[in-house]
Each structure stands twice: as C-alpha cells, then as structure tokens.
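Inspection log for the structure reproduced underneath, given as structure tokens.
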Amino acid sequence: MKNNRHPARHGLLDESLLTQMPPFAMLRTDQIREILDLATSRRYEAGVAVFEEGFDAERFYVLLDGHIRVVRISEQGERIIALHIPSGQLFGIAAALGHTTYPATAIAAVESVALSWPMHLWPDFVARYDGFATQTYKTVGHRIEEMSSRMLELATQQVEQRIACAILRMINQSGRKVDNGIKIDFPITRQNLSEMTGATLHTVSRTLSAWERDGIIESQRKHITVCDPHKLVILSGTLAPT
DNA sequence: TCATTAAGTATGC
DNA sequence: GCATACTTAATGA
C-alpha cells in the first residue's frame with residue numbers, strides 16, 4: 001500500500017478486473033495494482049461520447065463494461081458505424097497508430113464503464129508491461145482486417161448480403177446464447193444497421209421482416225436474436241455459390 | 001436490385 | 001401525447 005490518492009477512488013477497482021482483459025492478462029498483480037493506481041474510472045450513459053473525432057488524443061481507454069460504437073461522419077454528413085467494441089478491449093489508442101488526434105468518435109451504445117490513462121503513459125506501458133504491446137497490436141490488426149473486409153463487402157456485395165454479414169459479425173463478437181438462438185448483446189436499431197451497411201433503414205427493415213417471416217431471426221425493438229445462424233451464413237454469400 | 005417518398009402502426013417516457 | 005422505432009406499399013432509376 002503506497003498511495004491512497006489514486007484518482008480511481010472507491011474499492012470497486014480491484015486487480016481481478018484487469019486480469020481478464022487481454023492487454024493485461026500476462027501481468028503480475030503488483031503490476032496491475034500500479035496500472036490501476038494510475039487509472040481514472042468513469043461511467044458513461046448510453047448515447048454519450050467518450051471522445052470525439054478530431055480532438056486531441058489525450059487519453060487511452062479500456063472498456064470494463066458495456067459497449068462502444070465507433071462512428072465517423074462522411075463528407076455528406078452521414079453517420080457511418082465503423083466498429084463495435086465489446087468489453088475487455090482497448091480503444092482510443094491513437095498513439096499506437098501514430099495519431100495525435102482521435103480518428104473517430106466513440107459513443108457508449110449502452111451504459112458503460114471505462115478506465116483511462118493519459119496518453120503520455122503509453123510508451124511506458126509498452127516498454128514496461130509484458131504482452132501489452134503484442135496484445136494491442138493484435139487487436140489493432142483485427143480491427144483493420146475487419147474494416148477492410150467491410151470495405152470489400154460494400155464494394156462487391158448486395159445489400160441483403162451486407163446486412164447478413166453485419167449481423168453475423170455482431171453475434172460473433174457480442175452474441176449471447178438465449179433460448180431461441182443467439183442474441184446481439186447491445187441495443188441495435190434498423191437505423192444503426194443501415195449506418196453499418198450503407199443501405200437505407202427502409203431496406204434494412206424490409207429485409208429483417210422477411211428474415212423474421214422465414215424464422216431466421218427474431219426481433220423486438222432495438223434487439224435482434226439470430227435463430228438460424230447457418231441460413232444467415234448462406235445469405236451472407238461468404239460460402240462459395242453452388 | 002435498390003432508394004425514395006409517403007403514410008402508416010407500435011412502443012415507451 | 002409526443003418522439004422514436006419500426007413496417008409497408010407505391011414508384012421509379
């Protein structure tokens with residue numbers, strides 16, 4: 001026990017919180033304690049921006065609980081959803097890519113809790129903590145892969161296939177098993193899906209209605225459950241055509 | 001194959 | 001009751 005003035009006051013933050021998180025999984029408890037003592041913990045209401053595109057990248061974050069939507073605005077002023085970030089992952093890590101400003105806006109999709117550290121600690125973290133850098137570059141690699149495959153989809157696939165891909169991606173990353181299938185673990189509207197696929201919300205709505213009639217999905221407002229993932233995979237066009 | 005327009009129902013503070 | 005979420009049909013590129 002050395003310093004009782006850490007910004008993350010309250011006993012909520014114990015070491016076990018971070019041991020689950022990939023970037024910190026390889027660290028000793030005393031190292032995790034050090035990191036926690038430097039962290040600031042904050043809660044974000046659904047819909048609130050954690051940081052915004054173009055602003056100075058002052059801090060980097062790890063999501064403890066909730067879900068983050070990474071959003072950009074196109075030249076025409078349309079919102080594009082670039083990524084969804086599930087809990088346990090780093091975000092706002094512009095420094096890892098050599099940026100000094102955030103390349104996108106991060107919005108809490110549900111009420112969320114995140115830890116953050118000032119960006120000037122980034123080099124220290126990379127240098128001092130084993131596995132932090134490798135895990136980070138792994139996540140960055142995954143996200144770049146995901147975004148580039150989405151660009152390919154946008155260019156080559158039909159709307160129905162793109163919607164299927166978007167839903168499949170979300171149940172892979174944030175699916176929760178329920179009685180009748182796999183449910184996307186955060187609120188998602190037709191509008192949101194249109195922002196991910198570049199279709200209109202009307203087309204998304206019609207497509208989802210058709211899938212619901214066919215028993216492939218079930219949906220309540222803001223929630224989608226996939227009952228027949230296999231059929232969705234076929235619709236996504238990921239498999240070779242007959 | 002889709003976007004657009006337009007007009008409707010359902011749901012929740 | 002008002003905003004938000006969602007549905008549907010018609011029309012036309």
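Hydrogens, waters and symmetry mates play no part in the numbers below; they use all other heavy atoms, side chains included. Just so it is clear: chains get the letters A, B, ... in the order the sequence lines come, proteins before strands, and each one is counted from 1.
Among residue pairs with one or both ends in residues 159-171 of chain A, those qualifying as salt bridge (Lys or Arg N to Asp or Glu O under 4.0 Å) are E153(A)-R169(A); sequence neighbours excluded.
For dC2(B), the OP1/OP2 oxygens have a side-chain nitrogen or oxygen of Q158(A) closer than 4.0 Å. T203(A) has no side-chain polar atom (N or O) that falls below the 4.0 Å cut-off from OP1 or OP2 of dC2(B). Phosphate proximity of dT7(C) to S205(A): present, with a side-chain N or O under 4.0 Å from OP1 or OP2. Proximity of S209(A) to the phosphate of dT8(C): a side-chain N or O atom is located under 4.0 Å from OP1 or OP2. Taking only side-chain nitrogens and oxygens, R221(A) never comes nearer than 4.0 Å to OP1 or OP2 of dG12(B).
When the P atom of dA3(B) is taken as reference, atom CD of E78(A) falls 11 Å away, rounded to whole Å. Separating the CD atom of E212(A) from the C1' atom of dT8(C) is a distance of 15 Å, rounded to the nearest angstrom. Atom CD of Q157(A) and atom C1' of dC2(B) are 16 Å apart (whole Å). Rounded to whole Å, atom P of dT8(C) lies 10 Å from atom CZ of R190(A). Rounding to whole angstrom units, CD of residue E218(A) and C1' of dC6(C) are separated by 16 Å. Straight-line distance from the CH2 atom of W211(A) to the P atom of dT7(C): 13 Å, rounded to whole Å. Atom CG of L201(A) and atom P of dA6(B) are 15 Å apart (whole Å). Across the protein-nucleic acid pair, K222(A) atom NZ and dC13(B) atom P stand 9 Å apart, rounded to whole Å.
For T40(A) and R59(A), the side-chain atoms include at least one donor-acceptor pair closer than 3.5 Å. Inspection of the T136(A) and T139(A) side chains reveals no N or O donor paired with an N or O acceptor under 3.5 Å.
Taking the six-membered ring where the residue is Trp, the centroids of F91(A) and F60(A) are separated by 6.0 Å or more.
Residue side chain H202(A) reaches the base of dA6(B) through a donor-acceptor N/O pair under 3.5 Å, judged by distance alone.
Between I188(A) and R206(A), the residue whose closest nucleotide on DNA chain C is further toward the 5' end is I188(A).
Minimum interatomic distance between Q161(A) and G237(A) (heavy atoms only, all atoms of both residues): NE2-CA, 3.6 Å.
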